[in-house]
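One structure is given here, and the rest of the page talks about it.
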Protein chains: 2
Amino acid sequence: MPTPHYGQPRYRVIADELRERIQSGAIPLGALLPPESALTTEFRASRGTIRQAIAVLREERVVNTEQGRGTYANPRWHDSALDKNSGSETRRRRVAADRELAALFAVEVGSLLVEEQTVARTNGAVRTVARTYHLLRTNK
Amino acid sequence: MPTPHYGQPRYRVIADELRERIQSGAIPLGALLPPESALTTEFRASRGTIRQAIAVLREERVVNTEQGRGTYANPRWHDSALDKNSGSETRRRRVAADRELAALFAVEVGSLLVEEQTVARTNGAVRTVARTYHLLRTNK
DNA sequence: AGAAATTTGTCCGTATGTATC
DNA sequence: AGATACATACGGACAAATTTC
């Protein structure tokens with residue numbers, strides 16, 4: 001039998017427990033949390049569930065994760081409002097061609113180009129900025 | 001709020017949006033798409049829905065997925081799908097953040113970012129230049 | 001310097017329960 | 001009832017970054 005979810009989901013319970021350990025000092029600030037593999041055996045949960053719990057804490061800025069290293073208890077953990085801003089905004093403007101763009105488009109340096117800049121955010125943090133350039137008055 | 005679906009199913013809308021980003025160069029050919037986890041938050045859709053959307057693009061050969069690695073924008077798609085005489089080259093390099101990029105990514109001006117530049121040509125003439133930026137060492 | 005081990009990142013496939021259109 | 005979507009959870013596999021030996 002896989003797993004029904006009554007009341008609180010498991011990953012939230014696990015996240016609460018880990019947050020409590022950090023808050024209480026059982027896990028010192030700046031120290032590494034136990035690796036995911038250890039947490040799976042301790043909580044008897046799958047790795048995916050553990051990672052989901054840690055993702056909650058990461059979102060809350062309680063911890064900070066580095067690939068190949070581990071997950072740290074964030075040394076400066078200030079309660080701040082959670083950004084829920086996700087999505088992307090696109091702005092269009094005219095910019096002067098730098099040397100490289102001018103060469104590519106075969107125009108004079110400083111000629112005006114159309115730039116579309118899209119900023120993609122995930123949970124408030126900028127993930128990608130894309131700048132696309134076209135000639136003026138041309139097909140898009 | 002659960003989910004009403006008027007008109008197009010959600011996964012098709014998402015597939016259309018991702019296809020558009022690849023077509024426009026916002027996601028450079030050959031580059032990795034954002035991971036499923038990021039797409040779930042950006043589109044506020046469940047993983048199953050995201051996977052369904054990506055499955056559509058995979059069926060269209062717009063993208064290519066590799067286990068343990070990610071989903072790529074198929075480098076050969078532009079040529080076959082849009083126009084035969086167009087080509088595109090993607091170059092990757094490290095650049096210093098200008099003031100605007102630094103502000104967006106919340107880093108110091110001059111910090112190194114990864115820039116992927118895709119030049120799309122039509123019949124030899126440059127049609128679009130797309131420059132996408134993201135942080136070093138973090139995944140897109 | 002280099003190989004192995006550790007740890008996180010990502011994807012695959014599957015399954016169950018719930019809710020809405 | 002069926003299709004769509006969401007939330008949760010499991011297990012396995014390979015990739016990539018870091019540390020350790």
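Lettering of chains follows the sequences in order, A, B, ..., and the numbering in each one begins at 1.
- Criterion: ILVMFWY side-chain heavy atoms under 4.5 Å apart, direct or through other members. Under it, B:L33 and B:V56 are not part of a common hydrophobic cluster.
- Hydrophobic cluster membership of A:V13, counting Ile, Leu, Val, Met, Phe, Trp and Tyr whose side-chain heavy atoms lie under 4.5 Å apart directly or via other members: none, as it forms a cluster of its own.
- Dashed line: the shortest gap from a side-chain N or O of A:T49 to OP1 or OP2 of D:dC10 is under 4.0 Å.
- B:F105 places a side-chain heavy atom less than 4.5 Å from the side chain of A:V129.
- In this model, the phosphate group of D:dT8 is approached by a side-chain N or O of A:Y11 to a distance below 4.0 Å at OP1 or OP2.
- Residue B:R58 places at least one side-chain N or O under 4.0 Å from the OP1 or OP2 atom of C:dC12.
- Note: CD (B:Q52) to P (C:dC12) measures 13 Å, nearest angstrom.
- Scanning for side chain to side chain donor-acceptor pair (under 3.5 Å) contacts around B:T49 gives B:S46, with sequence neighbours left out.
- Where A:R44 and B:F43 each meet DNA chain D at their nearest nucleotide, the meeting point lying more 5' is that of B:F43.
- Closest to the B:R10 side chain, of the nucleotides C:dC12, D:dC6, D:dC10, is D:dC6.
- Taking atom CZ of A:R47 as the reference point, atom C1' of C:dT10 lies 9 Å away to the nearest angstrom.
- In this structure, the CD atom of B:E66 is 13 Å from the P atom of D:dC14, given to the nearest Å.
- Counting only residues at least two apart or in different chains, salt bridge (Lys or Arg N to Asp or Glu O under 4.0 Å) contacts with residues 22-33 of chain A are absent.
- Distances shown here put a side-chain N or O of A:R12 below 4.0 Å from the OP1 or OP2 atom of D:dT8.
- Contact annotation: A:R51 side-chain N/O to D:dA9 OP1/OP2 distance is not under 4.0 Å.
- When the side chain to side chain donor-acceptor pair (under 3.5 Å) test is applied to A:R47, the partners found at least two apart in sequence or on another chain are A:E36.
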Could you list the protein-to-nucleotides 3-7 of chain C atom pairs, N/O on both sides, closer than 3.5 Å?
none

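- With sequence neighbours left out, B:R93 forms a side chain to side chain contact (heavy atoms under 4.5 Å, CB included) with A:E100, B:R91, B:V95, B:E115, B:Q117, B:R131.
- For the pair B:I50 CD1 and D:dT4 P, the computed distance is 16 Å after rounding to whole Å.
- Between the CG atom of B:N64 and the P atom of C:dT10 there is a distance of 18 Å, rounded to whole Å.
- C:dT10 atom P lies 12 Å from atom OH of B:Y72, rounded to whole Å.
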